[in-house]
Engineer: 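Sharing a structure here in C-alpha cells format.
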Amino acid sequence: MSDVQGDQTADNQSASPLENESHSITSTPSNKAERDDQKDFTSDLEPADEGMDIPKKPSSAYVTVSIMCIMVAFGGFVFGWDTGTISGFVAQTDFLRRFGQKHHDGTHYLSKVRMGLIVSIFNIGCAIGGIILSKAGDMYGRKMGLIIVVIIYIVGIVIQIASVKAWYQYFIGRIISGLGVGGIAVLSPMLISEVSPKHLRGTLVACYQLMITLGIFLGYCTNYGTKNYSNSVQWRVPLGLCFAWALFMIGGMTFVPESPRYLVEVGKIDEAKRSISISNKVGIDDPSVIAEVEVVQAGVEAEKLAGNASWGELFQTKNKIFQRLIMGCVIQCLQQLTGDNYFFYYGTIVFKSVGLEDSFQTSIIIGVVNFASTFVGIYVVERFGRRRCLLWGAATMTACMVVYASVGVTRLWPHGQGNGSSKGAGNCMICFTCFYIFCFATTWAPIPFVVNSETFPLRVKSKCMSVAQACNWLWGFLISFFTPFITGAINFYYGYVFMGCLCFSFFYVFFFIPETKGLTLEEVNTMWEEGVLPWKSTSWVPPSKRGADYDAAALAQDDKPMFKRMFARD
C-alpha cells in the first residue's frame with residue numbers, strides 16, 4: 001500500500017512557484033518546497049508574476065484527464081486485489097487440494113511453512129521490484145516503464161494460473177508478479193502526480209491509496225462469489241481477472257500524456273509543452289505553459305548541478321540526516337506492526353476460527369470498512385495534522401486489540417478449543433476488528449508515507465525513502481510469513497503482541513516524530529536542523545514568520561517532568 005510515495009517528489013519540479021500547495025495522503029504535501037531547496041539555481045528562470053499561473057477551468061473540463069489518471073491509479077488496485085484474493089485462496093478447497101498436503105484422515109491442508117511462503121513471498125518481490133524495476137521510468141519514460149512492469153506482472157500471473165499441483169510453481173509466479181507490482185507501486189503514482197493539473201493533483205494521487213482499498217474489497221467479494229465451486233474456478237477466475245486490470249492500466253497509459261518532467265530531462269521541450277497543455281486544457285503556446293516548462297527546466301538543471309548523493313551521506317549526523325532516516329524506517333516498520341496484515345492476509349482463516357459458518361462474508365465487511373474509511377483518512381490527515389492522528393490512531397487501535405485478544409483468549413471457547421465457540425464472543429471480536437480497521441485506515445495506513453515524504457532533504461530524499469519503504473516491505477514479509485506459526489502456537493494471544501507494538505508506537509510518535517503539517521520541505525529541514533523537540537513542534541514558527549521576541553532555543557529543550565510533557569496539549 002500502501003507503500004511508493006517517495007518518488008512522487010518529481011512532480012514538484014513541474015509546479016508553478018506561485019501555485020498553492022497541494023496535499024494528499026500519498027504525495028509530497030508541498031509542490032513549492034522542492035523549488036525552495038533550489039532557489040539559488042532557479043531565480044532567473046521562474047516566472048515573475050502571478051499572471052503566469054495556468055488558469056483553472058471548470059471541473060467538467062478535467063473529466064478526461066481525471067479518468068486517465070484513475071486508470072493509471074489501477075496500479076494500487078492491483079496490489080489491493082492480491083491482498084484481498086490471497087486471503088481467500090489459502091482457505092479454498094481446490095487450492096488446498098492442489099498445493100497442500102494431506103492429513104491422516106484424507107483432508108487437505110497447507111503447512112505453516114508453505115502457507116507463509118505462498119502469502120509472504122509477494123512482499124519480497126515487491127521490495128526488489130520497487131528498487132530495481134522503478135528505474136525503468138527514468139530510462140524509458142514513466143509510461144513505457146509502467147508498461148514494462150505491468151508485463152512482468154502479467155508473466156507472474158500466467159505462471160500462477162498455469163500451476164496444476166506444484167506449489168513451488170505458484171510460489172515462483174508470486175515472486176515475479178510481486179516484482180511487477182513493486183515497480184507499479186513506484187511508477188503509477190509518480191506518473192499521476194506529474195501529469196495531473198496542479199489543483200487536482202492531491203485528489204488524483206490520493207486515488208492510488210483509494211484504489212488499494214477498493215482492490216482489497218473487490219478481491220474479498222470475488223472470493224465469496226467463487227467459493228462454492230469445487231474446481232479451480234475458485235482461484236483461477238480471480239487470478240484471470242488480473243489480466244483485465246492490467247489491460248485497463250495499459251489502456252489508460254495509451255491516452256495519458258507522458259510526464260513533462262521526463263520529457264524535459266531528455267530534451268523534448270515541445271513534447272513537454274504539449275503534455276502540460278493537454279493536462280491543463282490550455283493552448284500549447286499559452287504563456288503559462290511556457291512559464292511552467294521553464295520552472296521544470298530550472299528544477300532539472302538544479303538537480304544536475306547538485307549531482308547524485310552517495311549512500312554514505314545517509315549516515316551523516318551533522319544535518320540530522322541519519323536521525324531522520326532512522327525515524328522514517330521505524331515508522332514504516334511500525335505501520336506493519338500495527339497488525340493490519342494479520343487481518344487482511346489471514347482474515348478468512350481468523351474468522352473461521354471464531355466459529356463463523358461463512359467467514360468470507362466477514363472479509364467482505366472488513367473490505368467495505370477499509371474502503372469507506374479511506375475517505376475519512378484523506379480528510380483528517382490535513383485537518384488534524386500528522387502527530388495527532390498517529391497518536392490517536394495508536395491509542396484507539398490499542399484499545400481495539402486489547403478487547404479483540406482478551407475476548408478471544410477468555411470467552412471464545414467456553415468449553416475449550418475444539419468444543420464449539422461462543423457466538424456472542426465471536427461477534428464481539430468481529431465488531432472490534434471493524435473498529436480497528438477504521439482506526440487504521442484513517443491514521444496509520446496513509447500517514448507514515450506522508451511523514452516520510454515530508455522529512456528528507458531533496459538531495460537524499462529518493463535514497464532515504466527507498467530504504468524506509470524497503471523496511472515496510474520487509475516487515476510485511478515477516479508478519480505474513482510468521483503469522484501461521486505464531487497463531488498456531490499462541491492463537492489469539494497474538495493480539496497482545498500487536499497491542500505491545502501499538503503502545504510502543506504511541507510513545508515513539510510522541511517523542512520522535514515532529515508535526516510537519518503546513519510546512520514547506522525547506523521549513524521542515526530547518527526545524528530538524530534547529531533540534532526542535534517533537535512534542536513542541538506544533539509551536540515552531542518558520543524563520544520568515546518570526547517576531548523579534550521569538551525564542552527558537554526554547555523549543556529545543558524541556559525541563560518538565562515526563563508526565564507533564566505527555567499530558568500537555570499537543
Side-chain angles (χ1 to χ4, degrees), residues 7-24 27-66 68-69 137-138 141-143 189-205 256-306 458 461 520-523 544:
D7 294 280
Q8 296 163 7
T9 55
D11 88 292
N12 298 328
Q13 311 300 335
S14 65
S16 170
L18 297 166
E19 182 67 23
N20 289 332
E21 296 168 20
S22 174
H23 300 277
S24 79
S27 66
T28 302
S30 173
N31 296 320
K32 167 178 170 289
E34 300 283 41
R35 294 187 306 283
D36 290 341
D37 290 339
Q38 305 160 1
K39 58 185 178 183
D40 291 338
F41 299 108
T42 64
S43 58
D44 59 328
L45 292 174
E46 294 182 1
D49 61 83
E50 193 167 354
M52 291 298 100
D53 281 352
I54 294 178
K56 296 180 181 179
K57 305 284 185 179
S59 299
S60 58
Y62 301 104
V63 171
T64 302
V65 69
S66 297
M68 290 188 296
C69 288
D138 295 325
R142 315 304 192 230
K143 291 171 61 176
M190 182 188 295
L191 177 59
I192 297 170
S193 65
E194 292 179 357
V195 302
S196 56
K198 295 181 186 65
H199 62 287
L200 295 177
R201 180 174 291 132
T203 301
L204 292 176
V205 175
V256 73
E258 179 58 274
S259 161
R261 174 178 170 75
Y262 168 76
L263 293 172
V264 168
E265 285 179 336
V266 296
K268 298 180 179 180
I269 306 300
D270 290 338
E271 292 186 29
K273 293 179 181 178
R274 187 176 298 109
S275 175
I276 293 173
S277 68
I278 292 173
S279 297
N280 294 276
K281 295 294 182 179
V282 294
I284 191 172
D285 296 322
D286 190 284
S288 61
V289 172
I290 297 173
E292 188 80 358
V293 171
E294 288 178 350
V295 172
V296 177
Q297 286 180 287
V300 170
E301 183 62 25
E303 287 188 358
K304 290 180 179 178
L305 291 173
L458 173 66
K461 189 167 193 174
T520 67
L521 298 186
E522 185 179 58
E523 291 167 349
S544 61

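These figures come from a predicted structure and were not determined experimentally. Reckoned from all heavy atoms, side chains included, excluding hydrogens, waters and symmetry mates.
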Engineer: Give the minimum heavy-atom separation between Val195 and Pro260, together with the two atoms involved.
Structural biologist: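 Nearest heavy atoms, Val195 then Pro260: CG1-CD, 4.3 Å.
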
Engineer: So which of Lys268, Lys143, Arg274 actually passes side chain to side chain contact (heavy atoms under 4.5 Å, CB included) with Glu258?
Structural biologist: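 With Glu258 as partner, side chain to side chain contact (heavy atoms under 4.5 Å, CB included) holds for just one option, Lys143.
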
Engineer: Name all residues meeting the side-chain hydrogen bond (donor to acceptor under 3.5 Å, both in side chains) criterion together with Ser275; count only those two or more places apart in sequence or in a different chain, and write none if there are none.
Structural biologist: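 Here no residue qualifies.
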
Engineer: Determine the minimum heavy-atom distance between Ile276 and Val293, stating which atoms define it.
Structural biologist: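 That would be CD1-CG2, 3.7 Å.
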
Engineer: Measuring from atom CD of Glu294 to atom CD1 of Ile269, what distance do you get when rounded to the nearest 0.5 angstrom?
Structural biologist: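 The CD1 atom of Ile269 is 10.5 Å from CD of Glu294, to the nearest 0.5 Å.
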
Engineer: Identify the two heavy atoms, one from Val264 and one from Gln297, that lie closest to each other, and give their separation to 0.1 Å.
Structural biologist: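 Val264 and Gln297 have their closest heavy atoms at CG1-CG, 3.7 Å.
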
